[in-house]
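Notes follow once the structure below has been shown.
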Amino acid sequence: MKKHSARVAPLSACNSPVLTLTKVEGEERPRDSPGPAEAQAPAGAEAGGRTSHPCWRCSRAQLKKMFWGVVVVLCVCSSWAGSTQLAKLTFRKFDAPFTLTWFATNWNVLFFPLYYVGHICKSTEKQSVKQRYRECCRFFGDNGLTLKVFFTKAAPFGVLWTLTNYLYLHAIKKVNTTDVSVLFCCNKAFVFLLSWIVLRDRFMGVRIVAAILAIAGIVMMTYADGFHSHSVIGIALVVGSASMSALYKVLFKLLLGSAKFGEAALFLSILGVFNILFITCIPVILYFTKVEYWSSFDDIPWGNLCGFSVLLLTFNIVLNFGIAVTYPTLMSVGIVFSVPVNAVVDHYTSKIVFNGVRVIAIIIIGLGFLLLLLPEEWDVWLIKLLTRLKVRKKEEPAEGGADLGSGAQSKARRARPSFAR
């Protein structure tokens with residue numbers, strides 16, 4: 001039976017961001033490079049002996065990917081910033097970050113059903129739910145999803161997922177959403193450092209620089225508010241959330257590797273099941289101990305809770321399955337674009353002060369994030385591009401001289417008298 005070749009990893013490159021922990025990784029099919037397109041070599045000499053200039057061409061497939069990339073960037077940016085702002089708004093009426101985390105994570109059970117609907121609509125060889133489920137369960141081993149596998153390969157990631165989201169949401173109560181969203185971008189730097197140490201990934205100097213920039217930005221962000229207790233605690237919570245997310249991604253790659261789309265959807269749904277079965281007791285305990293207490297269920301802003309969950313689910317779906325239509329790098333850019341969106345909203349809805357230190361910290365962390373998006377072959381592409389530019393500059397004066405020479409010769413021929421009868 002023919003299988004879908006694209007593979008996903010709930011671990012990221014994006015290194016997955018904020019409330020999500022999963023991300024689409026490379027595919028097993030040939031990938032179009034998001035870097036500079038290869039210049040076409042001249043096929044032959046043009047009339048007059050001059051060679052054609054190297055040209056930059058973009059195929060229809062690449063243009064289509066770029067178009068969908070813009071759509072995906074907008075979806076990632078809007079859902080990410082929207083869920084963050086809605087969480088901040090929810091806490092004004094419902095001060096229960098762990099309960100909100102638990103409620104939103106329950107929606108993960110919809111991943112596999114939604115994937116199966118897409119499979120029915122797009123696949124030429126349709127399978128029943130049971131057949132598809134059994135095929136996706138092979139991701140966990142020859143025996144499929146057993147009780148032992150559930151507790152050893154799924155439960156730890158469910159705990160890390162919950163910790164990441166809870167720490168992130170709790171930080172929103174302490175500091176503004178701009179600081180929270182930009183500090184979470186350090187997640188990508190932590191992923192690189194852990195991958196370099198644990199997975200022995202390739203060393204890249206530019207990524208070390210990016211990690212240093214991320215750490216410097218964290219320190220400057222702490223200094224921006226004068227080391228107040230609430231600010232320091234909030235920043236520590238965000239850094240802890242980013243660290244848990246990075247640990248999730250690296251451990252996933254270490255223990256499970258990569259997954260196909262259906263396998264990734266099943267894995268995320270299993271995390272939702274784990275949340276319902278084993279995490280439900282914690283909000284109940286917090287309610288009766290009045291750590292997270294509300295007087296009546298009628299006072300709960302169900303619209304905000306459902307809206308936040310839908311935005312977060314949308315964010316995770318686009319981030320994990322957007323690789324099917326565009327480049328992974330473009331999806332990650334959407335996370336960076338959410339920072340200025342949150343900044344604009346905070347400027348009009350809160351008392352945030354964008355002093356020089358805070359602005360510089362935001363720019364430094366954003367720059368570090370963008371440096372981490374550079375592919376491993378970025379230096380090769382840069383050298384090729386500079387080489388082509390140098391060759392083109394050398395060709396232009398030579399061709400200009402040739403044009404002048406041929407023009408002078410033709411003029412002399414016209415001026416010479418003819419004695420032919």
Side-chain angles (χ1 to χ4, degrees), residues 16-22 75-114 157-178 180-181 184 234 237-238 241 244-245 265 268-320 335 338 341-342 345-346 349-350:
S16 169
V18 118
L19 303 180
T20 188
L21 297 169
T22 55
C75 290
V76 170
C77 178
S78 58
S79 59
W80 177 207
S83 62
T84 303
Q85 292 295 333
L86 194 55
K88 185 81 171 180
L89 183 64
T90 302
F91 291 145
R92 297 178 183 177
K93 303 177 182 179
F94 184 70
D95 188 9
F98 194 93
T99 303
L100 181 58
T101 300
W102 168 83
F103 183 81
T105 305
N106 289 340
W107 289 57
N108 277 16
V109 298
L110 297 177
F111 267 99
F112 189 74
L114 291 174
F157 294 101
V159 174
L160 288 174
W161 179 287
T162 300
L163 285 175
T164 300
N165 295 335
Y166 169 69
L167 292 174
Y168 182 87
L169 291 176
H170 196 66
I172 293 177
K173 293 176 54 182
K174 302 292 184 180
V175 293
N176 58 75
T177 56
T178 302
V180 173
S181 59
F184 197 89
L237 289 170
V238 182
S241 176
M244 291 296 103
S245 176
L268 292 171
S269 292
I270 290 172
L271 295 187
V273 173
F274 171 82
N275 187 75
I276 294 173
L277 295 178
F278 298 99
I279 306 297
T280 302
C281 59
I282 298 179
V284 174
I285 294 173
L286 294 177
Y287 175 80
F288 286 106
T289 56
K290 296 190 177 181
V291 175
E292 293 187 358
Y293 180 79
W294 53 93
S295 57
S296 172
F297 283 92
D298 294 334
D299 297 332
I300 299 176
W302 292 108
N304 289 0
L305 266 66
C306 293
F308 170 80
S309 301
V310 169
L311 287 173
L312 186 56
L313 181 66
T314 303
F315 173 73
N316 279 286
I317 289 174
V318 175
L319 196 66
N320 281 280
I335 300 166
S338 68
V341 173
N342 284 321
V345 175
D346 283 346
T349 60
S350 64

Side-chain contact test, heavy atoms from C-beta onward, threshold under 4.5 Å: evaluate it for S309 versus F103 and give yes or no. yes

Is it the case that the side chain of S269 and the backbone of F112 share a donor-acceptor pair, with hydrogens and angles ignored and the cut-off at 3.5 Å? yes

Determine whether V109 and I276 make a side-chain contact, defined as any pair of heavy atoms from C-beta on separated by less than 4.5 Å. yes

When rounded to the nearest 0.5 angstrom, what is the spacing between CG in L268 and CZ in F157? 11.5 Å

Close side-chain approach of L169 and F98, heavy atoms under 4.5 Å: no

Close side-chain approach of L86 to F91, heavy-atom, < 4.5 Å: no

W107 side, atom CH2; N275 side, atom CG - distance, nearest 0.5 Å: 13.5 Å

Write down the atom of Y166, the atom of T101, and the distance for their closest heavy-atom approach. CA-OG1, 3.4 Å

Between N106 and G272, the two heavy atoms sitting closest are OD1-O, 4.4 Å

Restricting to non-hydrogen atoms, name the atom on S241 and the atom on Y168 that form the minimum distance, rounded to 0.1 Å. OG-CB, 3.4 Å

Return each pair, listed once, that meets salt bridge (charged side-chain N to carboxylate O under 4.0 Å, His left out) where at least one residue sits in residues 84-96; pairs must be two or more places apart or across chains. D95-K173

Y287 and W294: aromatic ring centres closer than 6.0 Å? yes

Can you tell me how far CG of N316 sits from CG of N108, rounded to the nearest 0.5 angstrom? 6.5 Å

Does any N or O in the side chain of E292 come within less than 3.5 Å of the main-chain N or O of P283, such that one atom is a donor and the other an acceptor? no

Checking L286 against Y293 for the side chain to side chain contact (heavy atoms under 4.5 Å, CB included) test, could you report, in this order, the C-alpha distance in whole Å, the side-chain angles of both residues, the deciding distance, and whether it holds? CA-CA 7 Å; L286 294 177; Y293 180 79; over 6 Å; no

How close do V238 and A171 get, counting heavy atoms only, and between which atoms? CG2-CB, 3.3 Å

Interatomic distance, CG@N165 vs CG@L160, rounded to 0.5 Å, equals 11.0 Å

Look up atom CD1 in I300 and atom OG1 in T99, then write down how far apart they are to the nearest 0.5 Å. 8.0 Å

Donor-acceptor under 3.5 Å (N342 side chain, S338 main chain): yes

Nearest 0.5 Å, please: how far is CZ in F111 from CG in L271? 9.5 Å

Would you name the heavy atoms of V341 and A81 that are closest together and state the gap between them? CG1-CB, 3.8 Å

Quick check on side chain to side chain contact (heavy atoms under 4.5 Å, CB included): which of S79, C75, C77, S83 does F315 satisfy it with? S79

Are a donor atom and an acceptor atom from the side chains of T178 and D346 found within less than 3.5 Å of each other? yes

Nearest heavy-atom pair of A87 and L100: which atoms, and what distance? CB-CD2, 4.4 Å

Beyond-backbone contact of F94 with N304, side-chain heavy atoms, under 4.5 angstrom: no

